[in-house]
Amino acid sequence: MTGPNAMNQQSDILETSFDMLIDVEPGEVAAGGALVLRCAARATPGRDLRGQSVQILDDTGSTVGSLTFSMLDGATNTTEPGTFAAPTKLGSHGWRAVFAGAPEGHAPGGEAIHDFFFTVVAHRASVLVWGAPSAIAAGQSFTVTLGLKCSGGCDMAGRKIQITDASGAEVAMVQMGADQLHGTSGLHETKVTLQAPAEVSRQTWQARIARDDAEPPHEAATAAFGLNFVAPPEHRIEITVLDAETKAPLRGASITAHPFSATTNAEGVASMMVCAGSYTVWVSAAGHDPVCKYLDMSGDHTSVAELSPEAKEDPDAFYY
Amino acid sequence: MSKKVETGERARSGLSRRDFFKAGAAAGVGAAALGAPAVVAAQTMPSPTDGITWDYEVDVLVLGGGCMGLPSAIRARDLGNDVMIIDQNFDLGGKMLHSGSQVSLGGGDPLQLRDLAGEFDKEGFIQVGKLHTDEELTEDTDHLFRDMTDWSIVDSSANAPYRYNERELHRAWADNCFDTRNFLMDNYVRFSRISGTHGNAGMTRARRASAFLMLGDKTDIKAGTVTREDAGISNTSSSHFAPRIMGDASSVVAPGAVNNGAALSRGLEFSAREKGVKIMLNRHMDEIYREHQFSGRIVGVRASYSPRILPGSNTPMQSYWQNGNIDETRETVYIRARKAVIIATGGHVGNPQFRSMFYPAMREPAFGPSAQALIGDRAADASGIIAGLRVGANLAGMQQNLSYGATAHIPTRLATRDAYTDMYPGHPTFPFRGSTGFAANANTFEHFIAVNQVGKRFFNDMNLMRGNQAGTAFPGGNNVPVRGVEITQGDWRNSGRDHIRGMYNRHAGLDAALQINEGSQGPDFHSGPLWAIFDEGAVERAELNLTYPWVADNGYFFSADTLEELQAKINAGHSYQRVPMTHLADTVARWNGFVDAGADTDFGRGEDAPMHKIERPKFYAASIVVVWHDSYGGLRINGKCQVIDMEGQPIPGLYAGCEASGGGNQHGLGRGLVHAYIAGTHAAAETAM
Ligand SMILES: Cc1cc2nc3c(=O)[nH]c(=O)nc-3n(C[C@H](O)[C@H](O)[C@H](O)COP(=O)(O)OP(=O)(O)OC[C@H]3O[C@@H](n4cnc5c(N)ncnc54)[C@H](O)[C@@H]3O)c2cc1C
């Protein structure tokens with residue numbers, strides 16, 4: 001024998017082999033949730049398997065679907081990812097991938113088999129808290145938004161979230177409404193008004209949902225959120241923010257004098273009350289270089305801040 | 001069925017599942033290509049080339065058709081040779097097509113003289129007057145040579161790169177700048193006014209010009225015009241002609257002039273095709289043959305078919321122009337070179353294994369070369385350098401890679417792997433990129449935190465991009481000759497303490513980004529991908545436009561309702577996220593605590609901009625990448641661009657230059673185009689075998 005075949009026989013590397021793997025995402029999947037499977041197969045000598053399919057069998061051996069090879073990169077054939085419904089039974093599962101076109105002698109009937117494993121877990125609830133004012137006058141009421149989402153996609157309307165203060169005492173028990181935050185999928189949001197304590201302090205509060213035993217069950221979840229309770233602010237900072245070049249007012253610019261902050265309106269004006277004291281005031285807006293002022297506040301302050309447009313990324317000068 | 005319970009990602013029997021999936025995609029991992037031929041020649045044979053049947057035979061064979069390849073082929077062709085270029089890509093131009101076309105030569109080159117004399121280009125496109133003083137334009141080749149070897153010049157990373165430049169090489173380089181500039185202009189390259197200089201092209205004179213075309217009704221290289229569509233439409237589309245949108249060159253040419261690598265590369269390509277250079281695209285050189293492994297002449301090469309196929313397509317991509325293309329789809333061909341082989345394959349920026357010799361952390365394959373969508377995974381795979389080493393070549397300039405600020409750096413473009421470019425949809429390789437990414441200047445980081453693969457912060461996020469800009473600047477800023485800074489050749493004061501202090505802009509953000517972290521596993525200790533994390537509030541405040549083509553579902557941008565979901569999506573959807581980002585939620589909670597406290601005790605944020613909580617859904621992750629832009633360490637060459645062996649002797653019939661070569665620290669095109677002219681000249685003069 002001459003030519004490549006002769007070498008094939010001598011070389012270890014070119015010995016016939018067939019490897020197949022399943023990529024499972026996520027390895028821990030919520031009960032009934034989406035399981036994304038993808039198959040890769042590498043044959044030596046190389047083979048083009050595009051168009052051929054791999055059967056996916058569940059724990060009981062019944063076929064739940066298939067994946068079809070569509071890409072060939074070097075010696076590796078891969079399928080597009082396929083989405084399967086995960087079982088609802090919690091715990092570990094072993095499924096099987098069967099490819100019926102493996103080289104003779106590789107396995108009985110030329111079948112390649114690959115077992116893969118994943119774990120089905122209870123649904124997880126995620127609790128979120130946002131929108132608290134950066135500074136809250138002691139003793140005043142304030143509003144935050146609570147968010148709740150189930151990792152398995154369950155409807156969370158009606159579930160209760162307990163809010164506790166820094167000492168662990170319950171300050172509110174909130175029932176989530178049916179409203180969902182725009183742009184999200186299944187994230188319920190509910191606003192809640194809370195009462196600030198009388199003392200000036202920085203505190204961490206918690207929002208918590210208890211474990212439930214629904215079918216499927218949800219684990220308990222907690223979100224901590226920080227709050228700055230300050231003395232009643234008595235002086236006003238009012239800053240008008242303009243583009244330094246066009247002198248046009250900048251809307252949406254941030255004024256920050258920790259812990260106080262405000263955002264400019266359409267006229268470029270932001271106004272906020274602060275406590276007496278000295279502050280580093282940052283003024284920042286999209287597409288502009290921020291500026292910083294130092295203020296000693298013992299009365300009201302009004303000023304204009306002009307922000308220079310930030311240096312534009314000039315492709316011509318930049319990519320060289 | 002026996003069941004063994006595996007949880008998590010990476011409990012694997014031998015082969016890591018992720019590695020397996022990635023094996024095909026990673027460049028240069030050595031997986032035998034499907035249907036690749038078996039071993040070619042047995043080692044015991046008297047000459048490696050015995051028994052090879054040559055499929056093609058030419059005088060001069062050029063490996064790679066970019067900055068080094070196209071002009072060297074034209075030059076050899078001009079001198080009466082039968083010349084062939086093979087290129088692994090589906091189109092010509094390499095990184096040069098993608099470049100800014102800023103070509104710094106000098107030494108009294110024809111453009112310096114033109115500007116000095118107050119003359120214009122012979123076609124009459126240029127309308128602006130000269131942009132420099134007479135002094136800034138006046139020099140001779142001795143001056144240029146001294147500039148390029150001046151020990152005393154300290155650059156923006158407080159390095160003195162010129163002292164390491166190979167003297168013979170740079171003498172030849174300086175001596176050939178004049179002819180090279182003329183040669184380029186004779187081959188449809190139109191150059192702007194001289195305007196500053198750049199990229200380690202010396203400090204004391206203005207030497208840079210960019211290649212331009214004029215906007216017109218049709219794209220016509222002979223006439224020097226390009227349509228608006230082919231030049232690219234700002235913020236909208238690129239074209240097959242010009243992968244990057246051509247820039248406004250009105251300040252250096254005239255209203256209606258546009259410039260970048262397309263004007264340079266397409267001009268040269270047009271000329272090469274017109275002059276009858278043979279072109280074989282989709283052809284990757286795999287091995288160079290010499291009469292004996294370490295002795296004798298270079299004889300030819302073996303090259304394999306390397307079509308590039310878009311996802312979802314079955315047909316190979318096609319070059320912009322076709323005339324002169326050799327239609328060859330055999331898996332392997334053998335090409336003999338009667339006179340010489342020129343290695344013009346570019347550098348090693350896309351070969352993590354190779355480039356890690358310079359910076360071990362860059363063995364991380366998550367980070368790619370510049371221009372990767374355009375040139376493909378195998379363009380900058382060091383294959384030319386490695387093939388040279390296999391036939392006895394030596395290396396040079398191994399320390400020079402790290403003297404240039406842009407070599408490995410973090411570009412400001414987030415949410416795309418191919419971050420060092422502004423290619424838009426319209427170029428056929430755009431799908432490899434998937435998104436243009438969005439530009440996040442230093443200020444934008446006010447609204448982000450930057451985290452590593454385990455979800456931990458690693459630097460003052462505000463400084464990540466800020467320092468980076470300094471990293472690409474030169475002493476005194478981007479415009480050299482430096483105005484207001486006294487630079488005298490070879491003067492010790494240039495490297496005096498104050499000057500070094502002034503130049504020391506090196507930023508540590510890159511190094512921090514590449515640091516070993518909790519997710520790094522031996523033996524490689526990859527640092528993993530990097531992410532900018534932000535929330536809906538940031539999108540509003542920073543006015544981010546998170547739509548296609550700025551972002552896409554390409555594994556480099558994710559959004560989710562919760563941080564847990566975000567982490568899971570990154571882990572599932574990003575090819576190089578090897579470990580879960582277990583610290584993400586804690587990091588965000590810690591950050592929010594800093595915002596409440598008004599001080600970031602971990603990295604000192606807040607002294608440079610206000611801080612904002614990351615709390616309001618949705619949550620976002622945009623990839624931050626490190627790009628290795630160009631190569632300096634490579635094959636050792638002499639002043640004729642002959643490749644030098646371990647004994648310091650030229651390897652007969654073997655030439656190399658630009659990024660495939662080492663010993664010259666000048667950036668990019670200025671270096672490469674002159675190498676090409678020199679190599680083409682000398683290769684043509686070899687005796688045919
Ligand atoms: C966005 C961008 C902007 C830039 N701007 C500038 C600028 O303004 N000024 C400047 O000086 N420099 C610039 N550069 C850098 C400059 O483009 C490169 O340094 C230069 O093109 C390198 O030349 P080269 O010939 O070594 O490699 P390339 O130009 O990349 O050419 C190498 C060619 O070889 C081919 N090849 C590789 N391996 C093989 C193989 N084994 N077989 C066959 N073919 C092979 C590749 O496909 C490619 O076509 C820029 C680069 C980029 C990406």
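Quick note on labels: first sequence line is chain A, next is B, and so on, each numbered from 1. Computed from a prediction, not measured in an experiment: that's the story for all the values here.
- Surrounding CD of B/Glu607 are at most 12 heavy atoms belonging to other residues, nucleotides or ligands under 6.0 Å away.
- Heavy atoms of B/Asp561 lying under 4.5 Å from chain A belong to its backbone as well as its side chain.
- When B/Asp608, B/Val595, B/Thr444 are compared by the number of non-hydrogen pairs under 4.5 Å with chain A, B/Asp608 comes out ahead.
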Item checked: side chain to side chain contact (heavy atoms under 4.5 Å, CB included) between A/Arg50 and B/Asn314, intermediate numbers included -> CA-CA 11 Å; A/Arg50 284 177 294 179; B/Asn314 284 322; 3.7 Å; yes

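- With a 4.5 angstrom heavy-atom cutoff, B/Glu536 does not touch chain A via any of its atoms.
- Across all their heavy atoms, B/Asn443 and A/Glu310 have their closest contact at ND2-OE1, 2.9 Å.
- Taken from OG1 in A/Thr256 to NE2 in B/His612, the straight-line distance is 5.5 Å, to the nearest 0.5 Å.
- Heavy-atom distances place no part of A/Val36 under 4.5 Å from chain B, backbone and side chain included.
- The two residues B/Glu615 and A/Gly131 have their closest heavy-atom pair at OE2-N, 3.0 Å.
- If you measure heavy-atom distances from A/Asp289 to chain B, the contacts under 4.5 Å come from both the backbone and the side chain.
- Neither the backbone nor the side chain of A/Ser70 comes within contact range of chain B, judged by heavy atoms closer than 4.5 Å.
- Both the backbone and the side chain of B/Ala597 come within contact range of chain A, each with at least one heavy atom under 4.5 Å from a heavy atom of that chain.
- Between B/Glu564 and A/Ser151, the closest side-chain pair of non-hydrogen atoms is not below 4.5 Å.
- A distance-only check finds no donor-acceptor pair linking the side chain of A/Trp282 to the backbone of B/Met611 [under 3.5 Å].
- Of the listed residues (A/Ala285, A/Cys292, A/Ser185), the one with the most heavy-atom contacts under 4.5 Å to chain B is A/Ser185.
- The shortest non-hydrogen separation linking B/Gly593 to A/Arg202 is O-NH1, 4.3 Å.
- Distance CG/B/Asp535 to CG/A/Leu128: 10.5 Å, rounded to 0.5 Å.
- We find the CG-CZ distance between B/Asp596 and A/Phe225 to be 10.5 Å, quoted to the nearest 0.5 Å.
- For A/Leu227, the part lying under 4.5 angstrom from a heavy atom of chain B is the backbone only.
- To the nearest 0.5 Å, atoms OG1 (B/Thr562) and CG (A/Leu148) are separated by 11.0 Å.
- Without hydrogens or angle criteria, B/Lys613 side chain to A/Gly226 main chain gives a donor-acceptor distance under 3.5 Å.
- Chain A forms the most heavy-atom pairs under 4.5 Å with one residue out of B/Ala542, B/Pro617, B/Gly668, B/Gly598, and that residue is B/Pro617.
- Atom NZ of residue B/Lys618 and atom NE2 of residue A/His182 lie 9.5 Å apart, to the nearest 0.5 angstrom.
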